[in-house]
Amino acid sequence: MIVPTQTMQANSTNSPIGEVPKHVAIIMDGNGRWAKSRGLPRAEGHRQGTENLRHIIRACVEFGVEILTIYAFSTENWRRPPLEVRLLMTILETVIDRELKELDENGVQIRHLGRLDQIAPILQKKIKYACDFTNHNSRLILNVAFNYGGRDEIVQAVRRIVREGIPEDQITEDLLNRYLYTGGLPDPDLIIRTSGELRVSNFLIWQGAYSEYYATPTYWPDFDKNELRKAIAEYNQRTRRFGKTDEQLDKED
Ligand code: FPP
């Protein structure tokens with residue numbers, strides 16, 4: 001069973017964290033600038049970014065986040081220099097090889113969001129294996145958006161719907177939702193973007209329709225547990241209206 005949404009007290013400063021969003025999604029941006037600001041190669045930024053991901057996964061488990069979705073490689077990232085593309089592929093391979101056992105032991109279920117077809121067969125196999133191997137877990141669902149693009153996700157969903165001959169009058173938002181890579185999962189409550197950019201960059205464009213967005217200038221390798229706590233605290237200050245008026249929301253309380 002998934003750990004229920006809860007009010008957490010325990011963290012390093014012992015400050016109350018408030019209501020924990022069920023589904024947190026992160027655009028992990030700024031590895032390159034983090035490295036550049038230190039006179040280091042971009043690869044070092046990605047290495048530190050990967051290390052940071054381990055800490056954030058741990059913090060999510062500790063805080064009681066049920067679903068964490070990370071944007072690890074976008075369909076647009078193929079335009080990067082070939083060496084960097086190769087590095088990002090290798091990072092995922094290495095993460096699977098090195099971390100799978102520990103992730104499994106900590107109850108993390110890995111899911112892949114995105115297209116497998118353009119990825120090298122050996123990595124495809126590893127991704128599928130990691131998903132199957134952790135399928136029984138339910139403490140934290142870790143959606144790894146890798147070779148993912150929100151527009152492409154919608155195109156793929158529509159293609160499947162057409163292929164399956166679903167009649168026009170059965171095509172609803174609910175149905176389309178089920179055909180997305182995130183089918184069956186609740187939409188993200190909170191979408192975080194690091195490194196100061198204020199763009200959605202084709203990430204969860206359908207699912208993020210009512211998500212709360214949080215942007216921080218902090219580069220991804222420096223986005224630590226305390227920064228996550230700050231993002232959740234800000235999320236708790238927001239009133240989620242879902243299109244309703246204040247009066248309607250008051251009545252629901
Ligand atoms: C953005 O930094 C980050 C990425 C393109 C993704 C890389 C993510 C990691 C290394 C974390 C773990 C990855 C996996 C595969 C599990 P950037 O290069 O866009 O930084 P910049 O905008 O400062 O150049």
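The structure displayed is predicted, hence computed values, not measured ones. Both counts, for ligands and for their atoms, begin at 1 and track the order of listing. Values below: every heavy atom of this structure, side chains too, minus hydrogens, waters and symmetry copies.
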Following the transitive rule for hydrophobic clusters with a side-chain heavy-atom cut-off under 4.5 Å over Ile, Leu, Val, Met, Phe, Trp and Tyr, establish whether Ile27 and Ile56 coincide in one cluster. no
Please indicate whether any nitrogen or oxygen in Gly32 is less than 3.5 Å from any nitrogen or oxygen in ligand 1. yes
Pull out every atom of ligand 1 sitting under 4.0 Å from any heavy atom of Ala72, numbered as shown with elements. 6 (C), 7 (C), 14 (C), 15 (C)
Verify, without hydrogens or angle tests, whether Thr172 (side chain) and Leu175 (backbone) share a donor-acceptor contact under 3.5 angstrom. yes
Looking only at distances, can you tell me whether any N or O atom of Arg42, backbone or side chain, sits closer than 3.5 Å to an N or O atom of ligand 1? yes
Do Glu212 and Pro21 have side chains that approach each other closer than 4.5 Å (heavy atoms only, starting at C-beta)? no
Less than 3.5 Å between some nitrogen or oxygen of Thr50 and one of ligand 1, yes or no? no
Enclosure of Gln118 CD (heavy-atom neighbours >12, cutoff 6.0 Å): yes
Quick test: of every protein heavy atom, which one is nearest to atom 1 (C) of ligand 1, and how far off is it to 0.1 Å? Met28 O, 3.1 Å
Looking at ligand 1, would Gly30 count as a contact under a 4.0 Å heavy-atom criterion? yes
Geometric N/O contact Arg33 with ligand 1, under 3.5 angstrom: yes
Considering residues at least two apart in sequence or located in another chain, which fulfil the side chain to side chain contact (heavy atoms under 4.5 Å, CB included) criterion with Ala25? Thr69, Pro188, Ile191, Phe203, Leu204
For Leu53, the atoms of ligand 1 under 4.0 Å from one of its heavy atoms are 12 (C), 16 (C)
Does either side chain, that of His136 or that of Gln109, offer a donor lying less than 3.5 Å from an acceptor on the other one? no
What protein heavy atom lies closest to atom 13 (C) of ligand 1? Include the residue and the distance to one decimal. Ile91 CG2, 3.9 Å
Counting non-hydrogen protein atoms only, what is the nearest one to atom 2 (O) of ligand 1? Give residue, atom name and distance. Asn31 N, 3.2 Å
Shared hydrophobic cluster, Leu113 / Leu88 (ILVMFWY, side-chain heavy atoms < 4.5 Å): no
Could you tell me, atom by atom, which parts of ligand 1 come under 4.0 Å of a heavy atom of Asp29? 1 (C), 2 (O), 17 (P), 19 (O), 20 (O), 22 (O)
Hey, does Tyr71 come in under 3.5 Å of ligand 1, counting only N/O atoms on both sides? no
Show the atoms of ligand 1 that are less than 4.0 angstrom away from any heavy atom in Leu88. 7 (C)
Donor-acceptor pair between Gln156 and Asp152 side chains, under 3.5 angstrom: yes
With Tyr129, which residues qualify under ring pair (Phe, Tyr, Trp, His ring centres under 6.0 Å), at least two apart? Phe133
Would you say Arg80 and ligand 1 have an N/O pair spaced under 3.5 Å apart? yes
